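Sequence positions, counted from 1, serve as the residue numbers for this chain. Note that the structure is a prediction, hence the values are computed from the model and not measured. Values below: every heavy atom of this structure, side chains too, minus hydrogens, waters and symmetry copies.
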Amino acid sequence: MEKQLLPDVALKPAYSKVVWLYVYRDFSKSVSDRAAERVSLRFGLTSWPQHLLVDPESMQVLGNTGRTVKSFIPVVDRACARVK
């Protein structure tokens with residue numbers, strides 16, 4: 001994901017439309033891992049990686065972008081339209 005999907009130039013229109021938050025679990029039970037665990041529990045994440053779009057005010061999931069460029073942009077556009 002980090003090496004193939006996210007740096008893809010086709011995603012450039014989405015870069016400034018959303019705030020990006022990277023959450024990583026290493027299952028070490030460290031402070032940062034426990035914080036990541038709380039995020040995963042809050043949004044019901046059971047597998048990695050996931051790309052969720054979340055309304056920061058309501059914490060409602062607005063969409064899941066999927067793992068391809070083709071699916072990513074339309075979901076970002078729909079989510080941004082819902083929040084405006």
Side-chain angles (χ1 to χ4, degrees):
M1 288 291 203
E2 294 88 5
K3 293 180 182 177
Q4 294 176 354
L5 176 65
L6 297 178
D8 193 305
V9 70
L11 292 183
K12 192 172 183 176
Y15 291 166
S16 63
K17 290 183 178 183
V18 296
V19 174
W20 300 80
L21 171 66
Y22 180 78
V23 177
Y24 175 75
R25 291 228 38 216
D26 61 8
F27 301 92
S28 67
K29 300 296 180 190
S30 66
V31 172
S32 60
D33 181 59
R34 289 194 316 268
E37 179 182 30
R38 288 190 295 275
V39 171
S40 65
L41 290 171
R42 168 65 176 86
F43 294 107
L45 302 177
T46 58
S47 64
W48 305 89
Q50 296 289 326
H51 293 128
L52 299 180
L53 298 171
V54 177
D55 181 329
E57 291 183 14
S58 69
M59 298 302 281
Q60 175 187 3
V61 175
L62 300 175
N64 187 328
T65 65
R67 298 177 180 177
T68 67
V69 172
K70 185 177 179 180
S71 67
F72 202 99
I73 297 291
V75 175
V76 169
D77 289 343
R78 281 194 304 274
C80 290
R82 285 179 59 187
V83 174
K84 287 183 180 181

Can you check side chain to side chain contact (heavy atoms under 4.5 Å, CB included) on L53 and V76, steps first, answer last? CA-CA 7 Å; L53 298 171; V76 169; 4.0 Å; yes
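In this structure, the side chains of R67 and P49 come closer than 4.5 Å at one or more pairs of heavy atoms.
Summarising the geometry of T65 relative to S71, their closest heavy-atom pair is O-OG, 2.6 Å, with the distance given to 0.1 Å. Nearest heavy-atom pair across R25 and S40 is CD-OG, 4.1 Å.
From R82, atom CZ reaches atom CG of L62 across 5.0 Å, with rounding to the nearest 0.5 Å. Atom CG in D26 sits 11.0 Å away from atom CD in E37 (nearest 0.5 Å). Remark: T68 OG1 to L5 CG distance equals 7.5 Å, nearest 0.5 Å.
Partner of L52 under the side chain to side chain contact (heavy atoms under 4.5 Å, CB included) criterion, out of V75, L21, L45: L45 alone.
With hydrophobic clusters built from ILVMFWY side chains whose heavy atoms lie under 4.5 angstrom apart, W20 does not share a cluster with V23.
Every residue meeting the side chain to side chain donor-acceptor pair (under 3.5 Å) condition with S32, not counting sequence neighbours, appears here in chain and number order: S30.
Note on residues 21-71: pairs passing ring-ring contact (aromatic ring centres under 6.0 Å, His included), not counting sequence neighbours, are H51-F72.
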Sequence neighbours left out, cut at 3.5 Å: what donor-acceptor pairs do the side chains of residues 12-19 make with other protein atoms?
unit_1: Y15; atom_1: OH; unit_2: L6; atom_2: O; d: 2.8
unit_1: Y15; atom_1: OH; unit_2: D8; atom_2: O; d: 3.3
unit_1: K17; atom_1: NZ; unit_2: D77; atom_2: OD1; d: 2.7

